[in-house]
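Worksheet for the structure shown next.
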4 protein chains.
Amino acid sequence: MPKHQLNIAMIGAGFIAKAHSNAFRQVGHFFNIPYELGLKVVCGRDHNKLESTARQWGWEEIATDWQAVVGRPDIDVVDIAVPNALHAPIAIAAAQAGKIVLCEKPLATSLAEAGTMAKAMREVPSLVWFNYRRIPAVVFAKRLIGEGRIGQIYHYRALYLNQSGNDPSKATTWRYKRSEAGMGAAGDLLSHSIDSALYLNGSITELTAMAHTFAPGRDVDDATLLLVRFANGSVGTFEATRYGVGRRNRKTFEINGSKGMLGFNLEEMNQLEFLDATEPLNQQGVRNVTVTGPDHPYSENFWKPGHIIGYEHTFIATLGDFLGALDRQKPSHADLDDAVAVQRVLDAIERSAASRSWVKL
Amino acid sequence: MPKHQLNIAMIGAGFIAKAHSNAFRQVGHFFNIPYELGLKVVCGRDHNKLESTARQWGWEEIATDWQAVVGRPDIDVVDIAVPNALHAPIAIAAAQAGKIVLCEKPLATSLAEAGTMAKAMREVPSLVWFNYRRIPAVVFAKRLIGEGRIGQIYHYRALYLNQSGNDPSKATTWRYKRSEAGMGAAGDLLSHSIDSALYLNGSITELTAMAHTFAPGRDVDDATLLLVRFANGSVGTFEATRYGVGRRNRKTFEINGSKGMLGFNLEEMNQLEFLDATEPLNQQGVRNVTVTGPDHPYSENFWKPGHIIGYEHTFIATLGDFLGALDRQKPSHADLDDAVAVQRVLDAIERSAASRSWVKL
Amino acid sequence: MPKHQLNIAMIGAGFIAKAHSNAFRQVGHFFNIPYELGLKVVCGRDHNKLESTARQWGWEEIATDWQAVVGRPDIDVVDIAVPNALHAPIAIAAAQAGKIVLCEKPLATSLAEAGTMAKAMREVPSLVWFNYRRIPAVVFAKRLIGEGRIGQIYHYRALYLNQSGNDPSKATTWRYKRSEAGMGAAGDLLSHSIDSALYLNGSITELTAMAHTFAPGRDVDDATLLLVRFANGSVGTFEATRYGVGRRNRKTFEINGSKGMLGFNLEEMNQLEFLDATEPLNQQGVRNVTVTGPDHPYSENFWKPGHIIGYEHTFIATLGDFLGALDRQKPSHADLDDAVAVQRVLDAIERSAASRSWVKL
Amino acid sequence: MPKHQLNIAMIGAGFIAKAHSNAFRQVGHFFNIPYELGLKVVCGRDHNKLESTARQWGWEEIATDWQAVVGRPDIDVVDIAVPNALHAPIAIAAAQAGKIVLCEKPLATSLAEAGTMAKAMREVPSLVWFNYRRIPAVVFAKRLIGEGRIGQIYHYRALYLNQSGNDPSKATTWRYKRSEAGMGAAGDLLSHSIDSALYLNGSITELTAMAHTFAPGRDVDDATLLLVRFANGSVGTFEATRYGVGRRNRKTFEINGSKGMLGFNLEEMNQLEFLDATEPLNQQGVRNVTVTGPDHPYSENFWKPGHIIGYEHTFIATLGDFLGALDRQKPSHADLDDAVAVQRVLDAIERSAASRSWVKL
């Protein structure tokens with residue numbers, strides 16, 4: 001069966017674009033997909049970066065005018081890997097040109113913007129890169145919850161800590177500017193934690209939040225903390241910060257339910273902590289399950305039991321699932337609705353932090 | 001030098017009274033104190049429990065009328081190890097009788113009550129059993145902070161999780177009734193976390209809190225969660241719950257500062273996590289310091305390096321320090337002011353949870 | 001029921017004598033024993049140490065002539081807490097005087113000496129302080145093995161690492177001299193590991209060993225390493241060293257069997273690692289069981305679930321079990337035979353290391 | 001600068017061939033290499049496997065006659081990813097045909113065979129896939145040792161545990177047959193541990209070993225255990241087993257030296273344990289360094305700090321370094337001499353296990 005050709009234009013040539021390039025190159029090696037991906041053009045502002053990205057990853061062309069690129073008839077997919085403030089114009093233009101749209105998270109810099117984007121993108125297939133949904137340990141956690149192994153959920157607590165803010169040399173990137181990023185730690189880090197929570201524990205009904213900026217003169221949050229209530233009756237805490245000194249990329253969740261416990265830490269992303277509270281009490285203990293198979297999510301795709309995967313595989317699996325769903329004309333998540341749901345929580349957080357009060361969703 | 005005799009009356013014969021009895025028996029073995037402790041009388045309601053406590057720990061007499069006991073001229077020290085609602089009447093009576101008062105935490109069932117107690121107890125030496133202040137790892141954390149090793153503190157986060165609430169057989173004890181306990185997880189668990197935070201990170205200026213009860217019909221909180229701001233500019237989260245399924249006695253804190261990180265977990269109380277952020281970046285990592293000496297708090301008192309201490313030593317050290325201070329006529333902590341400070345925070349938490357708003361302290 | 005009086009003479013006033021004193025003081029608080037222990041006399045060479053030990057722990061008298069002490073008619077129990085080379089003369093004299101003998105491990109400085117001691121001590125009740133048999137996690141491991149939860153055992157591996165040898169200030173104590181200690185790391189550390197292995201995994205049929213001394217001029221082993229075969233068909237490795245820099249008191253074992261795994265580390269002695277290999281593969285993981293109850297060994301004696309015990313409790317439990325068995329006229333372990341069995345392995349190790357060949361037992 | 005074309009023939013289409021295919025596809029994305037790799041032909045016995053490997057990884061052709069393939073003039077590189085017994089004939093033929101040879105480990109099924117291979121391969125560039133040398137944490141360990149941070153090394157201990165032998169369904173693969181694998185756990189697992197030890201701690205001067213087979217009728221070792229002496233004066237233990245139930249891929253080492261400690265576990269391969277014994281004693285603790293940059297080996301090649309790499313990156317880095325060295329006409333390790341050195345130790349192990357005696361190297 002001949003494969004269908006999909007030509008890709010990637011907008012952006014920074015760190016995350018490297019992860020995307022890798023996913024485009026690797027997805028066919030690990031997933032059976034009915035598409036041939038053409039790495040047609042990489043588009044950005046910095047000529048040197050574009051040259052090196054193209055050379056390293058085999059992009060056929062480089063370009064600096066995204067509007068022109070988005071309009072090209074030979075492009076099927078527009079992949080957006082640029083600062084948040086540019087997501088909306090590019091995504092809307094791409095959707096209007098009928099392209100498949102892949103967009104980095106968070107979708108937008110505001111809920112209103114997200115709504116406009118969603119409306120414009122409704123007719124084209126799209127994906128938002130909430131890649132941490134595809135960590136095998138996270139998918140396995142979802143499966144255990146779905147099978148009732150955790151019982152009624154009481155608590156959900158999530159951290160996302162890094163220490164980038166404590167490093168003055170980082171303070172000048174776009175991620176620290178409201179005009180380009182929209183939010184600080186909340187958009188960058190917390191959005192991932194919120195997406196994981198909605199995926200694993202369902203919708204949030206109300207929250208109260210605090211945003212704090214440690215660095216004088218900075219106009220985005222360095223840390224955002226919140227208390228929430230979920231629709232399923234559980235309560236939760238979230239904390240995301242760029243001043244979590246000592247932690248490089250610590251995205252965690254812990255879930256306590258009537259029948260068990262789950263724990264996860266992105267820094268050791270091949271493992272899932274699981275406690276089965278239905279066992280005899282004297283044999284209960286938090287166990288470390290290495291989620292590399294057998295019978296674990298994606299273990300058929302990657303290596304064999306005990307042979308760990310890395311950061312990049314979350315992008316590969318995200319893309320593999322999306323392309324499989326595209327072929328079968330089925331939805332794949334995180335989709336527009338998922339991304340807008342995250343944005344709705346981020347919006348409530350901003351309103352709560354500003355008003356110093358509980359906000360219902 | 002002959003030792004001064006101190007005769008003790010202990011009110012209470014439950015689990016915590018066992019820990020106190022042990023401290024009275026052991027303090028002279030590990031601390032050089034100028035007192036001979038007389039275990040004179042144990043007083044309570046349950047005759048069998050009193051008998052077995054007296055037999056097991058060598059209390060000379062048993063009694064059931066605490067008022068009579070408190071008034072006895074041969075008693076120097078009244079130790080209060082009973083449900084929270086009884087702290088105030090016993091402590092006040094004991095203080096009025098001129099006794100030294102040792103009182104379990106939390107001091108009171110309300111801030112008003114705590115105020116009344118403090119006023120009555122002002123003239124006598126007293127101690128509130130916030131025993132976790134005396135964990136060597138916690139004292140060492142305080143020392144490192146004091147030496148500036150953590151720098152400017154950004155974040156303080158504290159958990160106290162157990163799973164007692166998920167066990168229906170526990171639901172009938174006094175700890176689950178407002179009339180006897182005053183508060184639920186907040187008084188029992190969170191009060192310890194608050195005391196540790198005030199000790200390590202200074203005063204709290206404002207907070208917003210959520211209290212939640214999972215069990216139908218129960219009139220105290222099963223879980224209390226809060227966001228806080230400290231006077232030193234740091235922000236914090238606290239969570240205390242009896243529905244932390246999978247965790248038996250998980251009292252933790254993590255502190256992120258400009259120069260380093262500290263982490264602690266009561267379940268592994270002989271260890272302190274420490275990261276020195278002033279080292280070369282490629283050598284930074286969270287290190288596990290086993291705080292059993294040499295040159296660690298209390299390492300001269302207990303065993304030798306690598307030989308761990310248990311739960312009970314926190315009471316022994318609390319008592320050892322108190323008696324040493326008593327002899328030198330110096331203050332010892334946690335004292336009345338410390339206990340009232342915790343109560344003030346607990347009060348703010350109740351008001352915040354009820355009003356669903358930020359409360360200033 | 002009136003308690004029977006047992007008067008104790010303790011020979012020795014060093015670190016381990018402190019642990020023994022504590023056990024004598026505490027055993028009645030945690031175990032129901034039908035004896036009243038009289039701390040009659042502490043005997044040693046250093047007058048100041050004796051004075052302070054007596055004062056701190058309430059020994060009634062001090063003495064410097066152990067022969068005289070051992071012969072006193074008012075003494076029922078002789079407890080030996082002195083350098084290894086003195087075990088034999090004191091134990092034999094005490095046994096000949098009809099005393100109950102409690103002796104520190106290792107029993108002797110040679111197998112021949114152990115044989116002589118065993119012969120002399122056969123008629124009196126005796127105990128050898130292999131205290132780590134009484135760690136709740138270790139007893140629980142034994143129980144799981146006995147219930148068949150680990151299946152056929154394949155592997156047993158044991159480490160005992162400390163770093164005392166790397167500290168020149170320690171090099172002058174008796175533990176580093178053949179004339180006083182008999183062996184180095186092998187007697188001090190490895191003997192504990194051997195006792196645990198015999199207890200948990202049964203007898204050793206053959207072994208090959210290497211002994212190594214890092215410090216020039218020292219006449220005992222700094223490290224001893226061995227390969228063994230057990231009677232149950234499993235194979236094992238042991239390593240004991242005083243040059244395990246980075247480790248303070250790391251006594252570990254790991255057992256792999258057809259149905260599961262067990263792991264233990266003395267530095268975290270309240271925990272037992274357990275993996276159940278009969279569960280679905282995708283849910284298998286090493287779990288950390290905190291062995292503080294409920295339904296764990298000694299959990300009725302000490303504190304409540306999640307409240308850890310320390311080093312000293314292993315001595316208390318050893319003594320509690322011994323006194324209980326004494327009253328019921330039953331054997332209690334580790335007894336003479338157990339201690340001789342360890343000595344037999346140590347002897348085989350010395351012969352193997354000297355001959356550089358496998359030695360059968 | 002135009003890239004030089006290198007056409008590759010890969011012999012083998014099993015699990016490890018997948019890892020090699022990935023390396024060929026990915027090396028140019030993460031390393032600047034002056035070669036264009038042509039994935040010309042994959043050769044093996046199973047037609048279906050060849051088809052799927054070719055399709056999944058883009059090999060241009062499939063073939064079943066390795067002799068023909070090796071002789072093809074359009075092939076520059078022969079990559080050997082087949083059972084051990086086939087390494088020699090293929091490698092020798094390829095070398096005689098003047099090809100660059102990449103060969104899986106262990107190099108051969110015997111030392112004699114390795115010698116013959118080495119002689120034949122001396123004139124062509126070659127690589128033996130001891131890929132675990134390229135783990136960033138391992139390279140960083142080597143760097144710290146080289147800088148003297150660990151001081152004089154006392155102890156080296158290594159485990160390689162998996163549980164494949166306890167799974168009867170695995171017992172029929174070539175790895176469990178002497179005729180195809182040469183050795184069992186020793187060749188498969190221990191060879192990796194030996195290579196790491198020689199790389200990190202230098203040459204071994206003598207050893208004593210035990211080999212054990214648990215499964216009746218199997219003609220290779222299921223477990224091999226040894227004691228060794230290194231030329232640098234340190235002593236070591238090694239254990240490799242397929243009956244390490246509870247462990248999936250636990251390749252560890254721990255090194256204790258006069259100035260510090262290092263520890264590593266392949267299951268958490270992005271971390272290195274490090275203890276600096278020159279710090280104040282009360283601040284010493286084993287720290288977990290996440291070796292993902294900055295200033296860590298290969299951190300420029302892969303992702304950013306805190307974003308972990310997986311199993312496959314060890315192959316990519318091995319190949320990247322080899323191709324860089326090839327271009328500069330420099331040696332790259334592990335080379336033939338390294339592989340023969342491992343084989344020499346494996347040979348000594350076999351002789352020691354058979355003769356039950358120490359063997360000098």
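Every chain is numbered from 1, with letters handed out A, B, ... down the list of sequences.
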Would you mind writing out the side-chain donor-acceptor pairs for residues 257-265 of chain B within the sub-3.5 Å range, not counting sequence neighbours?
{"from": "B:Ser258", "atom 1": "OG", "to": "B:Gln152", "atom 2": "N", "distance (Å)": "2.8"}
{"from": "B:Asn265", "atom 1": "OD1", "to": "B:Glu267", "atom 2": "N", "distance (Å)": "3.0"}
{"from": "B:Asn265", "atom 1": "ND2", "to": "B:Glu267", "atom 2": "OE1", "distance (Å)": "3.3"}

Enclosure of D:Glu147 CD (heavy-atom neighbours >12, cutoff 6.0 Å): yes
Residues of residues 276-284 of chain B within contact distance of chain D, non-hydrogen under 4.5 Å: B:Glu279, B:Leu281, B:Asn282, B:Gln283, B:Gln284
Proximal to chain D - members of residues 127-141 of chain B, heavy-atom separation under 4.5 Å: B:Phe140
Inter-chain contacts: residues 291-304 of chain B against chain D, heavy atoms under 4.5 Å: B:Pro294, B:Asp295, B:His296
